[in-house]
Peer 1: 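Sharing a structure here in structure tokens format.
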Amino acid sequence: MEMEKLVSLCKRRGFMFQSSEIYGGINGFWDYGPLGVELKRNIKDAWWHDMITAHDELDVRPGAPSTYEMTGLDCTIIMHPQVWKVSGHQDLFSDMMVDCKESKGRYRYDQLRGRWVEAKGQKVFVTTKVEAEEEDEDLQRRALKFFNLRAKNVEELSWDGDTVSLETISEFENVLAPEAKSVGSLTEPREFNLMFKTIVGAMGTEADTAFLRPETAQGIFVNFKNVVDSTRVKIPFGIAQVGKSFRNEITPRNFTFRSREFEQMEIEFFCHPDSSRKWYEYWRDRRMQWYKDLGLAGERLQLRDHAPDELSHYSTGTADIEYAFPFLPEGEYGELEGIAHRGDFDLRSHMEGKLDPNTCPLEVEKGEDGKPKYRGSGKDLTYRDPETNEKYLPHVIEPSAGADRATLAFLCEAYQEDEQPDDKGKMQTRVVMKLHPRIAPVKAAVFPLVKKEGMPEIAKDVYRALKAKFPAVYDEKGAVGRRYRRQDEAGTPYCITIDGDTLTDKTVTIRDRDSLEQWRVKLDDVVEEIAGRVS
RNA sequence: GCGGGUGUAGCUUAAUGGUAAAGCUUCUGCUUCCCAAGCAGAUGACGAGGGUUCGAUUCCCUUCACCCGCUCCA
């Protein structure tokens, strides 16, 4: 399947549009049209229903270590700025960057170090990005190379001052970039804000800077204590949230796959440290099965466990559920959902201050003054087991899914072209969206075979009865074959046709989208018949 | 962010330094009546801004968006 065909269909039938299209569009933002909004909401509703509202906390689910509870949350997009400092996003998401026009490399402004050196009447600032221990060696090697000197002529190099950060240099004309052969190839430092900045308050200034959340997860962590104190939930339990998140992706691309405004479906599952590995495996397998049950059953879906060297040392496991999107190269997969074992990293950070992920055991990251670089809340986020009286900081399993990516994957999987005969028996190409009935935007369409002899009246009654329960459409225009095809492109699983026989025996035909089979049911049983098939 | 390509109607395409053609779609009417039927009619486009020119959809510049590759993907 070519991606262009799907993109074209999405626009033609109203699944998705480019945001602000009449003004030329805006990079990294996409809108959902009339069909798309139903599809995406069905996916989110299915997730919420299956994970939270329909969860049975009284019985042990297959594969689960024990019973558990599930609850929900809906927190704000803008939160206290300290949240993002402590979570680590502030440091990871906003840096000054410089680009090298020669090597096409990109460097963090504060991480490049260098030293002034003069030879042959020219003075340049040689930079390096290697570790501090090898710094002098690398600088000398690069300086010699630049001035075209042999190692034995090293005394011709006249060093000026100590090795300092590039941040102390204001003019880059004589700066030799780490992988460049000539000077002056670096761009001016540019701010690289991966988080969306905003100002809180009508009179707000820079000091009132806040951020649009880059993930919904932190809102769950900071509300952990509130939920525990207000709901009688006992560990193990999960808190779920669906909502928009924002990231200034460097390269938004591939339709909605990498958008700057996107929607997440996240669970933070809190459990005892001793059982966290088992819970991790449970959620990994449970989430994989969820996609399969909704139609991503083919080989294009895969579960990929991260290799041990990919993991943070405080994590005992991370897995990605991935889909082989048609816009990716052969054999490559794109992430739909990540299931991560996060240990107690997040709760401890919000309690004690931002932890340094490179320490083992984890320690609070210190600033230059020896105090915590980013202070935590100071609130006690430990959990006391009411039965054993054990007090501990729970470990967290995080199944974090992308609602837009899931929607896109379901669309890609559903798009099919097949050959079906027309009214003369000639084979015609048919475009059909084979969406699972549960997520299909429209569940049923109702047609009078002809627009006379009382058929429209009966059809309208059927339509009204259906529409009271779920999305349905009524269509009496043109040949019935055309109406079937139109519904095929929208992914409507069932079409109901009122024909001449309906008038005498009070039965109608139901036509199946995928098989094109038809069968007759009693007029009075139509709603029940369709309802049983789409839920 | 870099390099290359593309941008004409809702979709797919055409032509042109003198404001654009078609198929499909959509809408109206007639006809037909179980898988994109027929006839008649209607709606509808040169991504945006600037320049050159008597005149630009066409040539030039800028910009925006999309596609491909590189980079990035916390």
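Each chain gets a letter, A, B and so on, in the order its sequence line appears, and its residues count up from 1. Keep in mind that the numbers below use all heavy atoms, side chains included, and drop hydrogens, waters and symmetry copies.
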Peer 1: Round to the nearest Å and state the distance from A:R483 atom CZ to B:U32 atom P.
Peer 2: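 The distance from CZ of A:R483 to P of B:U32 comes to 15 Å, rounded to the nearest Å.
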Peer 1: Separation of A:M455 atom CE from B:C34 atom C1', in whole Å?
Peer 2: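 These atoms are roughly 11 Å apart.
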Peer 1: Without decimals, in angstroms, what is the distance between A:Y494 OH and B:C34 P?
Peer 2: 24 Å
Peer 1: Rounded to the nearest angstrom, tell me the gap between atom CZ in A:R485 and atom C1' in B:A37.
Peer 2: 12 Å
Peer 1: With A:D404 as reference, evaluate A:Y32, A:W30, A:F257 under the side chain to side chain contact (heavy atoms under 4.5 Å, CB included) test and give the passing residue.
Peer 2: A:Y32
Peer 1: Is A:R511 close enough and on-axis enough to A:Y484, meaning under 6.0 Å and within 45°, for cation-pi?
Peer 2: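 Yes, A:R511 and A:Y484 form such a contact.
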Peer 1: Check nucleotides 43-48 of chain B for protein N or O atoms closer than 3.5 Å to its own N or O atoms and list the pairs.
Peer 2:
none

Peer 1: Who passes salt bridge (charged side-chain N to carboxylate O under 4.0 Å, His left out) against A:R300, sequence neighbours left out?
Peer 2: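 So A:R300 forms no salt bridge (charged side-chain N to carboxylate O under 4.0 Å, His left out) with any residue.
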Peer 1: Taking atom CD of A:Q302 as the centre, report whether more than 12 heavy atoms of other residues, nucleotides or ligands fall under 6.0 Å from it.
Peer 2: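 Counting neighbours around CD of A:Q302, more than 12 heavy atoms of other residues, nucleotides or ligands fall under 6.0 Å, so yes.
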Peer 1: For A:D418 and B:A36, what is the distance between atoms CG and P respectively, to the nearest whole Å?
Peer 2: 12 Å
Peer 1: Detail all sub-3.5 Å separations between protein N/O atoms and N/O atoms belonging to nucleotides 40-42 of chain B.
Peer 2:
none

Peer 1: Using whole Å, report how far CE of A:M16 lies from C1' of B:G10.
Peer 2: 18 Å
Peer 1: If I take atom CZ in residue A:R513 and atom P in nucleotide B:C34, what distance separates them, rounded to the nearest angstrom?
Peer 2: 24 Å
Peer 1: List in numerical order all residues of residues 339-354 of chain A for which some heavy atom is under 4.0 Å away from an atom belonging to RNA chain B.
Peer 2: none
Peer 1: Looking at A:R13 and B:G10, is any side-chain donor or acceptor paired with a base atom of the opposite kind under 3.5 Å?
Peer 2: no
Peer 1: If you take atom types as modelled and just measure distance, does the side chain of A:Q518 reach the base of B:C34 with a donor-acceptor pair under 3.5 Å?
Peer 2: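 Present.
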Peer 1: Does A:F270 have its ring centroid less than 6.0 Å away from the ring centroid of A:F224?
Peer 2: yes
Peer 1: Considering only nitrogen or oxygen atoms on both sides, find all protein atoms under 3.5 Å from nucleotides 22-24 of chain B and state each distance.
Peer 2:
none

Peer 1: Check this one for me: any side-chain N or O of A:K11 less than 4.0 Å away from OP1 or OP2 of B:C11?
Peer 2: yes
Peer 1: Considering residues at least two apart in sequence or located in another chain, which fulfil the side-chain contact (heavy atoms from CB on, under 4.5 Å) criterion with A:E363?
Peer 2: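 A:E363 satisfies side-chain contact (heavy atoms from CB on, under 4.5 Å) with A:T359 only.
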Peer 1: Using whole Å, what does the distance between atom C1' of nucleotide B:A65 and atom CG of A:N27 come to?
Peer 2: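 After rounding, the reported distance stands at 8 Å.
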Peer 1: Phosphate oxygens OP1/OP2 of B:C33: is one of them under 4.0 Å from a side-chain N or O of A:K452?
Peer 2: no
Peer 1: With rounding to the closest Å, how many angstrom separate the C1' atoms on B:A22 and B:U16?
Peer 2: 16 Å
